Amino acid sequence: MNQMPPRYNPKETEDKWYKFWHDNNYFSAKINTAKKPFSIVIPPPNITGILHMGHALNNTIQDILLRYKRMQCYEPLWMPGTDHAGIATQNVVERKLAKEGIKRQDLGRDKFLEEVWKWRDEYGSTIINQLKKLGSSCDWQRMRFTMDEEYSEAVKEVFVALWDKGLIYQGNRIINWCPRCQTALSDEEAPYKDLEGQLYYIRYPLKEIKNQKSKIKNKEKNHIVVATTRPETMLGDTAVAVNPKDKRYKQLIGESVILPLMEREIKIIADSFVDPKFGTGAVKVTPAHDPNDYEIGLRHNLDVVNIMDEGGVLNINAGDYQGMDRFEAREAIINDLTERKLIEKIEPHAHSVGHCYRCSTVIEPYLSKQWFVNMKPLAKPAIEAVKKGEIKFYPKRWTKIYLNWMENIRDWCISRQIWWGHRIPVYYCRNCQAGMKYQIPNYKLQINSNDKIQNSRQKNGIIVAKARPEKCPDCASTDIYQDEDVLDTWFSSWLWPFATFRDKAELNYFYPTSVLVTAQEIIFFWVARMIMAGFEFMGKKPFSDVYIHGTVRDDTGKKMSKSLGNIIDPLEIINEFGSDALRFSIISLTSVGQDIYLSKNKFEYGRNFANKVWNASRYIIMNLKPEELSVDLCIYGKSISGLAEKWILSRFYETLAKIEKALDNYKINEAAKTIYEFFWNNFCDWYIEFSKLTIANNETQVVLYKVLEKTLRIMHPFLPHLTEEIWSNLPGAGGSIMIKPWPHMQKNFISKAIDSQMRIIIDLISSLRNARSEWHVPDNSRIDCILKIKDKSARKTLEENQLYIKKLAGVANIKFSDDLKDASGCVSGVIEKVDFYIPLGDVVDLEKEKARLNKQLEASKQQLKGLSARLKNKEFLAKAPRDVVEKEKQRAQQLNLLIKRIKINLSQVSS
RNA sequence: GGGCGCAUAGCUCAGUCGGUUAGAGCAUUUGCAUCACACGCAAAGGGUCGAGGGUUCGAGUCCUUCUGCGCCCACCA
């Protein structure tokens with residue numbers, strides 16, 4: 001029957017069982033009104049993604065929760081899918097085409113999109129297949145994609161709904177622009193990084209001064225110095241601003257300077273935004289290239305001069321610098337200014353600069369017409385829900401971070417100038433308006449601060465509709481074209497918890513989902529927005545709990561990333577250690593919300609444990625007599641007489657309770673640790689060893705079998721493949737462990753009394769082993785020992801269970817005696833309630849033995865000293881709780897006794 | 001500038017409601033081919049719990065200041 005090899009081989013089992021589960025539809029979820037639903041939507045990986053350790057961690061957590069709940073007889077749904085990842089995917093396909101010397105513009109929009117779809121069909125599910133390697137129990141029949149037809153309908157519907165509500169508008173704004181991807185980005189997509197830059201102090205020559213007073217004051221100076229980190233933007237300056245209260249410049253307000261290089265006259269204006277303490281207190285104002293300057297521009301009706309094209313190359317407004325890249329222009333300008341002695345100084349200056357989250361290119365604040373969502377109204381219920389505890393974060397601290405962001409939420413720029421994505425469902429009537437989208441302001445564009453278009457009833461030639469209208473509702477013209485832009489990828493992702501359901505009844509049953517498991521990086525991108533979307537479009541929260549796990553880093557603390565080249569490939573780990581080993585290791589290393597530092601050798605932990613489970617099971621299976629095992633433990637348990645049997649059952653149920661508590665609180669590492677300790681330190685190290693003495697007994701057979709069988713079940717969520725493989729070898733088990741129920745709690749098996757009886761036996765065995773080791777008694781030789789025990793019940797326990805001691809401590813004969821004469825010349829030891837003596841004859845060095853005993857004596861005395869000081873302290877006696885005082889008193893008594901007994905033994909040695 | 005996290009054995013980390021003897025894995029040392037497992041068994045050594053101050057009968061745990069490392073947010077010319 002038994003063909004289990006001595007080493008667990010994951011390669012032979014994992015794919016086999018995954019296929020088995022899949023073929024038997026164990027992953028599929030259905031409405032079952034008799035059961036409570038437990039649902040999770042997967043954080044959809046990008047179709048460009050390849051599995052990394054972050055995914056491995058994320059999906060292992062979800063899979064453990066789902067398998068646990070499945071066994072607890074919930075109806076578990078894990079909704080899988082992928083994200084179209086607009087910019088990322090477009091970049092990948094563009095790069096691929098570039099290798100063939102093709103630009104997307106060469107192909108045109110439709111042909112290019114065909115290419116992207118082709119790419120997706122070929123590579124888009126790579127990561128999904130990798131998730132399967134992990135054992136993920138997703139309901140694959142439900143596989144969704146954010147560009148599915150139904151899903152796209154939902155995206156359009158949401159856009160139209162927000163428009164109708166007046167929450168979407170189009171406007172000219174300074175947005176984050178990536179000159180490489182050539183698209184607008186949201187604030188979240190342009191993370192700031194600290195850079196060591198430079199602060200350039202540039203002289204702007206004053207024009208002939210009209211005001212006589214300022215002429216006198218600035219007699220010696222004929223310029224004003226401005227400080228900037230981006231000198232190239234000076235070409236678009238349309239003013240210099242100073243603080244109205246700044247005495248240094250008060251007289252100059254209203255005067256003009258000649259913008260160097262451009263030789264344009266610009267005004268000196270006063271604006272309280274300017275901080276007199278920074279730089280020189282005078283700021284160059286470039287409304288087209290800085291959000292603050294833009295605001296200043298609005299306040300003072302300044303001209304807006306855009307000097308760059310979409311690629312970050314200077315345009316016609318840049319004069320001689322036209323055609324240069326922005327950084328190239330920076331150098332040229334500094335050179336030219338230096339030549340003209342217009343640079344006062346250059347200082348090193350640390351500042352943060354936005355970077356594109358897709359390609360790391362330095363962001364250019366750029367003026368353009370984009371679509372925005374007014375977020376404040378959406379944020380309101382999302383704030384409430386978290387404040388009320390309707391949605392809970394694990395760990396709690398993210399609540400504050402979430403609320404802080406939500407309460408300061410800014411409008412969301414949702415239009416992207418790329419092709420791959422959901423095209424904006426906005427149509428323009430040429431007859432009603434000239435489409436102005438890409439007429440980036442040239443010289444002297446006046447901007448109106450109310451430049452928002454947000455009402456569908458306005459006659460402005462804008463038609464917002466899910467489908468292309470036949471004709472313009474206003475003028476009936478058929479000359480209609482669609483907005484060129486697509487929506488931010490996250491504008492589709494935020495609908496994920498409900499747009500993934502195609503069936504209303506299913507939505508009703510599974511929504512709100514139970515928990516969202518994700519990483520901290522996307523709290524704002526995704527989690528926060530899903531909460532807003534849930535309330536706005538479903539009227540209900542999208543999930544009850546948010547579990548935020550840590551970031552996976554390498555063992556030096558750096559974030560794992562392809563570009564740093566420090567990734568550990570999960571597939572390689574699976575190949576070398578097995579999927580279960582990966583799961584168990586990574587989960588054990590992750591305490592709630594802490595980052596996780598990985599190195600390859602850490603996966604040995606899980607592999608070794610898997611092998612331990614394998615071998616213990618293998619041993620038990622080899623020794624089982626299956627015909628005797630079909631009993632109900634609940635009934636049978638009452639008649640069990642063996643101490644070890646009672647003890648392991650007590651330990652098992654204690655463990656079960658601990659694991660349930662841990663899992664219910666998302667303390668998955670704690671659950672893993674608990675099961676590890678129980679299995680290895682209790683079940684294997686002690687119980688299996690004890691059981692070898694009585695393996696033929698029916699009682700031992702039943703307990704070994706039942707405990708193993710139940711333990712495998714609680715292990716299954718953590719080690720699914722391994723437990724399934726063992727289960728298939730376990731006589732009498734039958735079926736698949738995956739769909740077996742979670743063990744029922746049987747509190748009556750838990751017994752403190754049994755635990756403490758066993759404690760004595762285990763302590764004695766350990767001490768005897770220690771003594772053997774100290775005195776170099778060879779492993780295969782057996783010693784005798786004499787036990788002196790005053791405590792009657794302890795003596796009884798040891799008398800009844802002496803076989804255990806003989807077997808595990810290598811003892812031939814045990815003599816129970818109170819006669820000290822027997823003890824002379826023996827190596828001795830004192831533990832709680834028991835003195836033991838081992839006659840070792842001549843091997844024993846009396847001086848060494850004395851030293852050994854003295855050491856123990858000193859330690860005990862030291863302890864007693866602290867203890868008795870405390871017990872003499874009146875305040876301690878008065879203020880500490882009674883049970884603590886009582887415990888201390890008992891402990892002191894025991895120590896006193898112990899010391900006495902050690903002293904007796906010492907005198908024995910000396911005599 | 002604001003906020004958050006971390007600091008415990010050589011390394012990586014646990015540590016519950018504050019309760020007195022601070023745990024594990026790896027590594028180290030010693031012994032063991034033993035009939036489940038050497039990915040193993042048995043034993044041992046290893047700690048001023050980052051520093052100072054405070055609260056308390058009692059602090060790794062609570063408060064406070066500081067140091068070091070990491071992260072997030074902010075219209076840092």
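Every chain is numbered from 1 and lettered A, B, ... according to where its sequence line falls, protein lines coming before strand lines. Not measured: the values here are computed from a predicted model. All values below were derived from every heavy atom in this structure, side-chain atoms included, with hydrogens, water molecules and symmetry-related copies excluded.
Picking from B/A43, B/A36, B/A77 the nucleotide with the shortest atom distance to the side chain of A/V274 gives B/A77. Side-chain proximity of A/D685 to B/A77, B/C41, B/A36: nearest is B/C41. For A/D779, counting side-chain heavy atoms from C-beta on, the closest listed nucleotide (B/A77, B/C32, B/C37) is B/C32. Checked against B/C4, B/A36, B/C73, the side chain of A/F524 finds its nearest nucleotide in B/C73. Among the nucleotides B/G25, B/A36, B/A42, the one closest to the side chain of A/I688 is B/A36. Proximity note for A/Y605 (side chain, C-beta onward) versus B/A36, B/U12, B/G25: the nearest is B/G25. The side chain of A/L589 sits closest to B/U12 out of B/U12, B/A42, B/C37. The side chain of A/W680 sits closest to B/C41 out of B/C41, B/C4, B/U20. Of the candidate nucleotides B/A77, B/U20, B/G3, B/U20 has the atom nearest to the side chain of A/V884. Picking from B/A36, B/A44, B/G45 the nucleotide with the shortest atom distance to the side chain of A/K855 gives B/G45.
Between A/E576 and A/K600 there is a salt bridge, with a side-chain nitrogen of the basic residue lying less than 4.0 Å from a carboxylate oxygen of the acidic one. Comment: A/R852 does not engage A/E774 in a salt bridge, judged by the lack of any side-chain N to carboxylate O separation of less than 4.0 angstrom.
Counting any heavy atom pair closer than 4.0 Å across all strands shown, A/A282 reaches a base atom. Among the heavy atoms of the strands lying under 4.0 Å from A/Q863 is at least one base atom, whether or not backbone atoms are also near. If you check every strand for non-hydrogen atoms under 4.0 Å, A/R230 touches nothing. In this structure, A/F609 reaches neither bases nor backbone, as no heavy-atom distance under 4.0 Å exists between it and the strands shown. Note on A/R607: a base of the nucleic acid sits closer than 4.0 angstrom, heavy atoms only. Here A/K400 lies in heavy-atom contact (under 4.0 Å) with sugar-phosphate atoms only.
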What pairs of donor and acceptor atoms, side-chain ones from residues 684-694 of chain A against any protein atom, are under 3.5 angstrom apart with sequence neighbours left out?
{"from": "A/Y687", "atom 1": "OH", "to": "A/E645", "atom 2": "OE2", "distance (Å)": "2.5"}
{"from": "A/E689", "atom 1": "OE1", "to": "A/K692", "atom 2": "NZ", "distance (Å)": "3.3"}
{"from": "A/E689", "atom 1": "OE2", "to": "A/K692", "atom 2": "NZ", "distance (Å)": "3.1"}
{"from": "A/S691", "atom 1": "OG", "to": "A/I688", "atom 2": "O", "distance (Å)": "2.7"}
{"from": "A/T694", "atom 1": "OG1", "to": "A/T700", "atom 2": "OG1", "distance (Å)": "2.7"}

May I have the list of side-chain donor-acceptor pairs in residues 188-198 of chain A shorter than 3.5 Å, sequence neighbours left out?
{"from": "A/E188", "atom 1": "OE1", "to": "A/R529", "atom 2": "NH2", "distance (Å)": "2.7"}
{"from": "A/E189", "atom 1": "OE1", "to": "A/S186", "atom 2": "N", "distance (Å)": "2.8"}
{"from": "A/E189", "atom 1": "OE1", "to": "A/S186", "atom 2": "OG", "distance (Å)": "3.2"}
{"from": "A/E189", "atom 1": "OE1", "to": "A/R416", "atom 2": "NE", "distance (Å)": "3.2"}
{"from": "A/E189", "atom 1": "OE1", "to": "A/R416", "atom 2": "NH2", "distance (Å)": "2.6"}
{"from": "A/E189", "atom 1": "OE2", "to": "A/Y357", "atom 2": "OH", "distance (Å)": "3.1"}
{"from": "A/D194", "atom 1": "OD1", "to": "A/S352", "atom 2": "OG", "distance (Å)": "3.4"}
{"from": "A/Q198", "atom 1": "OE1", "to": "A/Y200", "atom 2": "OH", "distance (Å)": "3.2"}

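Here the CD1 atom belonging to A/I668 is positioned 6.5 Å from the CG atom belonging to A/L663, to the nearest 0.5 angstrom.
When the C1' atom is compared between B/U61 and B/G54, the two are found 15 Å apart, to the nearest whole Å. With both ends at atom C1', the span from B/A44 to B/U48 equals 23 Å, rounded to whole Å. To the nearest whole angstrom, the two P atoms, one in B/C49 and one in B/A22, are 11 Å apart. For the P atoms, the distance from B/C66 to B/C26 is 41 Å, rounded to whole Å. B/G15 and B/A36: their C1' atoms are spaced 33 Å apart (whole Å). One P atom belongs to B/U28, the other to B/U21, and the distance between them is 32 Å to the nearest Å. Of the P atoms belonging to B/G45 and B/G60, the separation is 23 Å, rounded to the nearest Å. Remark: the separation of the C1' atoms in B/U12 and B/A27 is 11 Å, to the nearest Å.
Across all strands shown, nothing is found opposite B/G47 as a Watson-Crick or G-U wobble partner with both distances under 3.5 Å. Pairing partner, B/G5: B/C69, with both Watson-Crick or wobble hydrogen-bond distances short of 3.5 Å. Pairing for B/U55 is absent, judged as Watson-Crick or G-U wobble with the two contacts each under 3.5 Å. For B/A27, there is no paired base (Watson-Crick or G-U wobble, both distances below 3.5 Å). The base-pairing partner of B/C17, taking Watson-Crick or G-U wobble contacts with both distances under 3.5 Å, does not exist among the strands shown. When both distances must be under 3.5 Å, the Watson-Crick or G-U wobble mate of B/C39 does not exist. Here B/U61 sits opposite no nucleotide as a Watson-Crick or G-U wobble pair (both hydrogen-bonding atom distances under 3.5 Å).
The base of B/A36 sits within donor-acceptor range of the side chain of A/K692, with an N or O pair under 3.5 Å. One N or O donor and one acceptor, one from the side chain of A/E689 and one from the base of B/A36, sit under 3.5 Å apart.
Atom pair A/W398:CH2 and B/C73:P shows a separation of 10 Å (rounding to whole Å applied). Between A/Q890 atom CD and B/U20 atom P the separation is 14 Å, expressed in whole Å. Counting to the nearest Å, the P atom of B/C72 and the CD atom of A/E188 are 14 Å from each other. For A/E576 and B/C39, the CD to C1' distance is 12 Å, given to the nearest whole Å. Here the P atom of nucleotide B/U12 and the CD1 atom of A/I587 are 21 Å apart, to the nearest Å. Spacing between atom CD1 of A/I668 and atom P of B/C13 amounts to 19 Å, rounded to whole angstrom units.
Counted by atom type alone, A/N615 and A/R618 present one or more donor-acceptor pairs between their side chains at under 3.5 Å.
Each of A/N404 and A/A350 lies near RNA chain B, and the nucleotide nearest A/N404 is the one positioned closer to the 5' end. Map A/E670 and A/F273 each onto its nearest nucleotide of RNA chain B; the residue landing nearer the 5' end is A/E670.
Crowding of A/K887 atom NZ: a count of heavy atoms from other residues, nucleotides or ligands under 6.0 Å not exceeding 12.
Between A/W177 and A/Y366, the distance separating the two ring centers is shorter than 6.0 angstrom.
Side chain of A/Q863 to backbone of A/L895: no donor-acceptor contact under 3.5 angstrom is found.
Here the side chains of A/T286 and A/I307 are not in contact, with every heavy-atom distance at 4.5 Å or above.
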Check nucleotides 57-61 of chain B for protein N or O atoms closer than 3.5 Å to its own N or O atoms and list the pairs.
{"from": "B/C57", "atom 1": "OP1", "to": "A/K879", "atom 2": "NZ", "distance (Å)": "2.2"}
{"from": "B/C57", "atom 1": "O2'", "to": "A/N873", "atom 2": "ND2", "distance (Å)": "3.4"}

A/L768 vs A/F836, side chain to side chain contact (heavy atoms under 4.5 Å, CB included): CA-CA, chis, key distance, verdict: CA-CA 8 Å; A/L768 289 170; A/F836 64 85; 3.5 Å; yes
